Amino acid sequence: MGALKGTMLDVDIWNFIWPIINVILLFILLRIFLFKPINKIMDDRTRSIKNDIDAAEKAKKEAEELKQQYADSISEAKEEANKIIMKAHDDAETERAAIIKKSQQEADQIVADADKAIENERKRVLRQAQSQIADLAIEAASKIIGENVDDEKNRRLVDNFLSDEEGGDK
């Protein structure tokens, strides 16, 4: 059995220890030179992505605020435009009413002036007619009487008669 000393069944402990030491040493070296830089790069990348997301959320929030301000500005502009339109409408209605009132006053004044002119013309025509009637009456009375009577006295009598008749007709 002495010949079996170098066979496969011999177990050398160093054959197990050296690979374990190599794996541990490899793990330590990988951790120092590979995992730490990779973890640092991953952390930096994660931080960068988080910052980008935060910046995007902040930009979105600012955009929403600007959108709201824009909507408020539009709303205020519409309200102001409506107020201006309503004021212009009210001003136009007031101006229209003033123009109508002024036109009515002018028309009333024209009618009053025309009535006054008609009344003055009627009085003038009536005076002229009275004068002609008085002249005719005096002339007729002179022919009937056959003599020339006092024109002034007769004219007063005829005028008084016509004035009495005119006052009685009204």
Side-chain angles (χ1 to χ4, degrees), residues 19-139 151-152 154-170:
I20 292 175
I21 291 174
N22 284 336
V23 169
I24 292 173
L25 185 61
L26 180 63
F27 178 75
I28 292 172
L29 290 175
L30 286 176
R31 187 163 185 207
I32 292 172
F33 294 110
L34 183 64
F35 295 147
K36 279 189 179 182
I38 288 176
N39 283 339
K40 184 176 185 251
I41 290 171
M42 297 274 287
D43 289 343
D44 290 346
R45 182 71 180 142
T46 302
R47 200 172 322 118
S48 172
I49 291 171
K50 187 176 184 319
N51 288 340
D52 290 346
I53 290 172
D54 290 344
E57 287 177 2
K58 183 179 178 183
K60 181 181 176 185
K61 187 175 181 180
E62 288 175 358
E64 287 177 4
E65 288 174 2
L66 287 174
K67 180 181 174 186
Q68 185 62 39
Q69 288 176 355
Y70 176 73
D72 291 345
S73 296
I74 296 256
S75 176
E76 289 175 12
K78 284 182 181 177
E79 287 179 27
E80 188 66 27
N82 286 338
K83 286 179 185 177
I84 290 170
I85 290 170
M86 292 302 292
K87 184 179 183 311
H89 184 267
D90 292 345
D91 290 349
E93 190 62 33
T94 302
E95 185 68 23
R96 183 182 76 79
I99 289 171
I100 289 173
K101 183 178 178 182
K102 184 178 178 184
S103 298
Q104 186 63 42
Q105 288 173 343
E106 289 174 357
D108 291 345
Q109 184 62 40
I110 289 170
V111 169
D113 290 347
D115 287 344
K116 189 184 275 186
I118 290 170
E119 182 62 26
N120 288 338
E121 184 64 20
R122 188 186 72 76
K123 287 179 181 178
R124 186 189 67 76
V125 168
L126 189 61
R127 279 193 306 268
Q128 186 178 12
Q130 284 176 347
S131 176
Q132 288 175 355
I133 291 171
D135 289 343
L136 286 173
I138 292 173
E139 190 177 320
D151 276 343
E152 185 63 36
N154 289 334
R155 179 166 294 285
R156 275 196 311 247
L157 284 172
V158 172
D159 284 342
N160 285 337
F161 174 75
L162 289 177
S163 293
D164 288 343
E165 285 301 313
E166 182 183 315
D169 287 344
K170 289 186 180 178

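Worth knowing before you read on, the calculation uses all heavy atoms, side chains too, and leaves out hydrogens, waters and symmetry mates. What you see is a predicted model; the values in this text were computed from it and never measured.
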- Among pairs that include at least one residue of residues 96-105, which meet side chain to side chain donor-acceptor pair (under 3.5 Å), considering only residues two or more places apart or in two chains?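 The answer is E93-R96, Q104-D108.
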- Does a side-chain heavy-atom distance below 4.5 Å link R124 with N120? no
- Are any non-hydrogen side-chain atoms of E64 and Q68 less than 4.5 angstrom apart?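 Heavy-atom side-chain distance check fails, nothing below 4.5 Å.
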What distance do [X] atom [atom1] and [Y] atom [atom2] have between them, rounded to the nearest 0.5 Å?
X    : Y    : atom1 : atom2 : result
D115 : I110 : CG    : CD1   : 12.0 Å
I84  : E80  : CD1   : CD    : 4.5 Å
L126 : K123 : CG    : NZ    : 10.0 Å
E95  : I99  : CD    : CD1   : 4.5 Å
I85  : K83  : CD1   : NZ    : 13.0 Å
I21  : L26  : CD1   : CG    : 13.5 Å

Charged N to carboxylate O below 4.0 Å: is that the case for [X] and [Y]?
X   : Y   : answer
D43 : R47 : no
D91 : K87 : yes
E57 : K60 : no

- Task: Please test D54 against K58 for salt bridge (charged side-chain N to carboxylate O under 4.0 Å, His left out), starting from the C-alpha separation and ending with a verdict.
- Result: CA-CA 6 Å; D54 290 344; K58 183 179 178 183; over 6 Å; no
- Evaluation steps, salt bridge (charged side-chain N to carboxylate O under 4.0 Å, His left out), between K116 and E119: CA-CA 5 Å; K116 189 184 275 186; E119 182 62 26; over 6 Å; no
- Report yes or no: does S75 contribute a side-chain atom to a donor-acceptor pair with the main-chain N or O of A71 at less than 3.5 Å?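 No: the side chain of S75 does not pair with the backbone of A71.
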- Query: Do the side chain of S73 and the main chain of Q69 share a donor and acceptor less than 3.5 angstrom apart?
  - Reply: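 Pair found, side chain donor or acceptor close to backbone of Q69.
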